[in-house]
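Side-chain atoms are counted along with the backbone in the values below, which use heavy atoms only and exclude waters and symmetry mates. Below, read A as the first sequence line, B as the second, and so on, with proteins coming before strands; counting in each chain starts at 1.
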Amino acid sequence: MIYDFNRIEAKWQKYWAENQTFKAENNSSKEKFYVLDMFPYPSGAGLHVGHPLGYIASDIYARYKRHKGFNVLHPMGYDSFGLPAEQYAIQTGQHPRNTTEINIEGCLDDRGNILSKYVNEDGSIKNQALIEKNKSTSINDENYRDNIIKGYRRQLDKIGFSFDWSREVRTSNPKYYKWTQWIFIQLFNSWYNIDLDKAEDIQTLITAFEKEGNSTINAVCDENTEAFSSEDWNAYSYKEQQEILLQYRLTYLAETEVNWCPALGTVLANDEIVNGVSERGGHPVVRKKMTQWSMRITAYAQRLLDGLDKVDWPQPLKDSQTNWIGRSEGATAEFGIRNSEFRISVFTTRPDTIFGVSFMTLAPEHELVSRITTADQKAEVEAYVEATAKRSERDRMADVKTITGVFTGAFAEHPFTKEPIPIWIGDYVLAGYGTGAVMSVPCGDQRDYDFAKHFNIPIPNIFEGVDISEVAFADKATTVIGNSDFLNGLSYKKAVKRAIFELEQLGRGEGKINYRLRDAVFSRQRYWGEPFPVYYVDGMPQMIDAAHLPIELPDVEKYLPTETGEPPLGNATTWAWDTKNNKVVSNDLVTLSAVEGSNKDNGIYPLELNTMPGWAGSSQYFNRYMDSGNTDEIFSQEAINYWQDVDLYIGGNEHATGHLLYSRFWQKFMFDKGLVPKDEYAKKLINQGMITGTSAFVYREVGTKIFVTKGLVDDFSNPEKFESALIKIVEATGLGKQTYAFNPIHADVSLVNSSDELDIEGFKNWQTDYADARFILEDGKYIVKREVEKMSKSKYNVVSPDSICEEYGADSLRLYEMFLGPLEQSKPWNTAGITGTHSFLKKLWRLYLDENGAKFNDAEPTKDNLKTLHKTIKKVEEDIEHFSFNTSVSTFMICVNELSAQKCASRAILEPLAILVSSYAPHIAEELWEQLGYKESIARALFPKFDASHLVESSKQYPISFNGKMRFTLELPLEMSKEEIEATVMAHEKTQKQLQGRTPKKVIVVPGKIVNIVG
RNA sequence: GCUCGAGUGGUGGAAUUGGUAGACACGUUGGACUUAAAAUCCAAUGGACAUUAGUCCGUACGGGUUCAAGUCCCGUCUCGAGUACCA
């Protein structure tokens, strides 16, 4: 029997699907283990070999845990809302629902033939089925399958993952987003109680307001919330009460400064902006005030920080979350303004330097700017504010060195000295951080120092024995305060304490912890996202009762904003909520009477036009998997209490401050609500590294179609070899030039073999432009230049897992992806190396079977057989536990090499070996298992037990080194004592030869390890 | 600028608490089989000199600790990732 991997893999993939081999049970006496992958966004381009890396690792781990007797939950789904499907919809009018479905399910049937619904009558393939939409292909074309969307599911299935597909979720499926909407409602109906440090039902807040107003309530709320008494509260209208409650709810509607991306027509969260432009598309972003839904994630800032200590996540990831949350300790201080009742509140981490203040700076957007500016400064200030508002985020970031600012004409008053302090505005002060205002202490802060120098503002020195004539002094450790009244002579720490104490005495400030983290904007002006379960009565948002969820995304004519600038849902004609019949009805039924208290009120109100952001659906999917079919609850308490949390989460590090922060926030909220038993949902997280491509370049002589092999180009640029290279080139081209210029051009990597040799005929056929190309060779070959780059279509270095599975099999692919290197590390893909793991599998196969069938027998295993097996068991087990998958693959190779050399055919060895291999190469393992006579899948066979007794050695090859350099080895019995070893080694002729008559100063003997002779 | 991470053969990478550097694989070279190719198998493969056993140099660079350093300590360089006026 030969190793027919295509047949074997198809057979077992079918078997697993039909037998639901990997279905996890929610009721089990076994111990649970939850292995989770970050679910993919299904794009039409499909998978390249870099994508499944993490999935293969997690799959190996999941399979291993099954062998170890665990009940393993290993689900998969799709993060299927998102921009690309919507952009495609805008261009073509295709409903994103349809394109998303195609991207997941593909356009091929089980036999690999295109489904008839995607073929036109003339045999041409419908555009929506094609990967490249501008291409046209017909089913008569030989390679038409290469151009059509295969579908994520089909591609994943080919790799042989042990997912429990019965639990699949798609974030764009109403049955799923019902629960996203449901959580949104729970957040809306909650507030954050600081005293209890947890979220509570909004009703408890209302009760408190009714009894005592808000002055005794310690809650997280908007900055500008005003105090009121119980009498005030009870006298407020319903609408006024609702407006106040919005200032406390964990998700709330408020006018906020947002990042507006005109090109995408939507707002973006901070983590969706990279280097001042949108993460998707790279479009400019500007600041703009808009009424938006926000999530009060800031309430959880401290707990999000503290929680990081409890989880086993990579340090760089924890660091970036810590930086993103940006905790800093300091104080607020209030400065009065002369001739005005206004006060400016500032946040500072250096209250000890308060006597060094020589000016104040407000952000240009600060609300007091327009109120305090004097008449003669008005024009200048307004011009500056306007100019800053126009600058995009990117421009502002681009020149941080230019110092700009304007004097407002107003003066503040120092809380202690009562001295006047000029108030400036400057764009180095950010509106969004702290209070948007700073007390500028030029002697202690470099930015304030630079600003003061630039505008000739005095720089008083409040540090003892420090020269500030050139730069500000910011070293806290050596700070001694001077010229500062009651702070004189104090160190940084003591001065901070004292300054805060004095501020509190004056009622002008207090100690404060500030976070960089902002509340998260939760509205997007897009179509392809979760609709909000919200309608508006008299402009106030109302939640739809959870019983009527999901509120399904309405169909629209076009996916662009409306003419009046409303989000795409503004195009929907059936998008109003009938509160009497609890259903979505035509917009026409919304009457002007839809105002509270009107007797013409028909109970039909407009629905929210924004949709939720991309991270909404991914913030709770890991819990939903536990009970994804549940239609009554987000998950049953039985399910969540059994599965608890994720034991291993594998995914890319690009989600560090997005998904991984938001999902922790929702988890903590659900924990507060008693819905989940753990306030951190993933115990261990691993970021898999990126797989890069190995691009191939050909050198084209500029302006010609002559391609010169790498060696000759290298010689040409080498002064020593230049002459001979030039002669060769002149001869070959017949051009007779003195100077040649070569342009490296990407060639498709599939045209290059393992020795970097170009398939010239293939290259000519690849693009019509090259059909008449000429090649100048070395040793009869055209050698390409190789370079590691990111995998991308435009670089022609993309390798798809399908073609690898086709040619070498999924098991070879799985092994090779692991063999490339450590999981967390980024590494280049080079298809050439896959022959290594592929021939390993063939060798493994030949250990069990040959052309006559079974080779295995019931012979007693030899000592060597057992030793090989057990050292493999030990190493593989340790490697998997440490996520060191690359070294296990080597271990398997060594094992098979040894057993082949030992001509081992013993069942007692080959059976456990099949189980060891099965997590990595499940298809071949299943087939061998069946050949061995088993009727059940190998998936739940118990992992072989390691027996150390087989590894006990009686002797050791001791390395004998002289002054630390190993010179020879000597086999000695392990029971030999230190003294005996020393005596034997010293007596050895090779030792004497090394010493050449010298007497060693010292002989180090570490029994079982090494002998080192010094001197 | 700041914060992390990483530098080992031609290539991907091994090296468990400091103890035989380069496992395993790719590639390369030579050989067997074949009309030939593929596949398979065997041998060599860090560098230099000697080529028969031998010697020296080698884990980015410069120091240090130690009987012994890829591994620990100090300094320098290079590359990668994240972040960026955060008061």
The complete set of side chain to side chain donor-acceptor pair (under 3.5 Å) pairs with one or both residues in residues 840-851 of chain A, sequence neighbours excluded, reads A:Lys843-A:Asn897

Please determine if A:Glu329 and A:Arg327 form a salt bridge, counting it only when a charged side-chain N lies under 4.0 Å from a carboxylate O.
-> yes

The Watson-Crick or G-U wobble partner of B:A48, with both key distances under 3.5 Å, is B:U55

Between A:Phe359 and A:Phe455 (judged by ring centroids, cut-off 6.0 Å), do the two rings come close enough to count as a pair?
no

Requested in this report: Could you tell me whether A:Asp445 contacts a base, only the sugar-phosphate backbone, or nothing, with contacts defined as non-hydrogen atoms closer than 4.0 Å?
Outcome: nothing

Practice item. Please work out if A:Thr969 contacts a base, only the sugar-phosphate, or nothing of the nucleic acid, heavy-atom cut-off 4.0 Å. Key: base

Exercise for the section: Check every strand shown and say whether A:Asp756 touches a base, only sugar-phosphate, or nothing at a heavy-atom separation below 4.0 Å. Expected result: nothing

Using a cut-off of 4.0 Å on non-hydrogen atoms, how would the nucleic acid contact of A:Asn830 be classed: base, sugar-phosphate, or nothing?
nothing

Q. Reckon A:Arg967 touches a base, only the sugar-phosphate, or nothing at all at heavy-atom distances under 4.0 Å?
A. sugar-phosphate

Heavy atoms under 4.0 Å, any strand shown: does A:Val1006 hit a base, just sugar-phosphate, or nothing?
base

What nucleic acid atoms does A:Arg327 come within less than 4.0 Å of, heavy atoms only: base, sugar-phosphate, or nothing?
nothing

Base orientation of B:G9, chi within 90° of 0 counted as syn, else anti, reads syn

**Message:** Can you tell me if A:Asn897 touches the phosphate of B:A25, counting only side-chain N or O atoms and a distance under 4.0 Å to OP1 or OP2?
**Reply:** yes

In whole Å, measure the gap between the P atoms of B:C33 and B:U16 for me. 44 Å

Ranking A:Gly964 and A:Ser884 by the position along RNA chain B of their nearest nucleotide, the one closer to 5' is A:Ser884

How would you label the contact of A:Lys318 with the nucleic acid (heavy atoms, under 4.0 Å): base, sugar-phosphate, or nothing? nothing

All heavy atoms of A:Asp519 vs all of A:Ile297, minimum pair found to be OD1-N, 3.4 Å

**OP:** Scan A:Thr657 against the nucleic acid and name what it touches under 4.0 Å (heavy atoms): base, sugar-phosphate only, or nothing.
**Re:** nothing

Between A:Arg350 and A:Val889, whichever has its closest RNA chain B nucleotide further toward 5' is A:Val889

Regarding A:Gln957, tell me which of base, sugar-phosphate or nothing describes its non-hydrogen contacts under 4.0 Å with the strands shown. base

Looking for any heavy atom pair under 4.0 Å, which part of the strands does A:Lys842 touch: base, sugar-phosphate only, or nothing? sugar-phosphate

Taking a pair to mean Watson-Crick or G-U wobble geometry with both distances below 3.5 Å, B:G19 pairs with B:C67

Using Watson-Crick geometry (N1-N3 plus N6-O4 or O6-N4) or G-U wobble (N1-O2, O6-N3), each under 3.5 Å, B:C79 is paired with B:G5

Is the distance between the ring centroids of A:His838 and A:Tyr816 less than 6.0 Å? no

Subject >> Sugar-phosphate only, base, or nothing, as touched by A:Thr835 at under 4.0 Å among non-hydrogen atoms >> reply: sugar-phosphate

Exercise. Which is true for A:Lys1009 with a 4.0 Å heavy-atom rule: it touches a base, it touches only sugar-phosphate, or it touches nothing?
Worked result: base

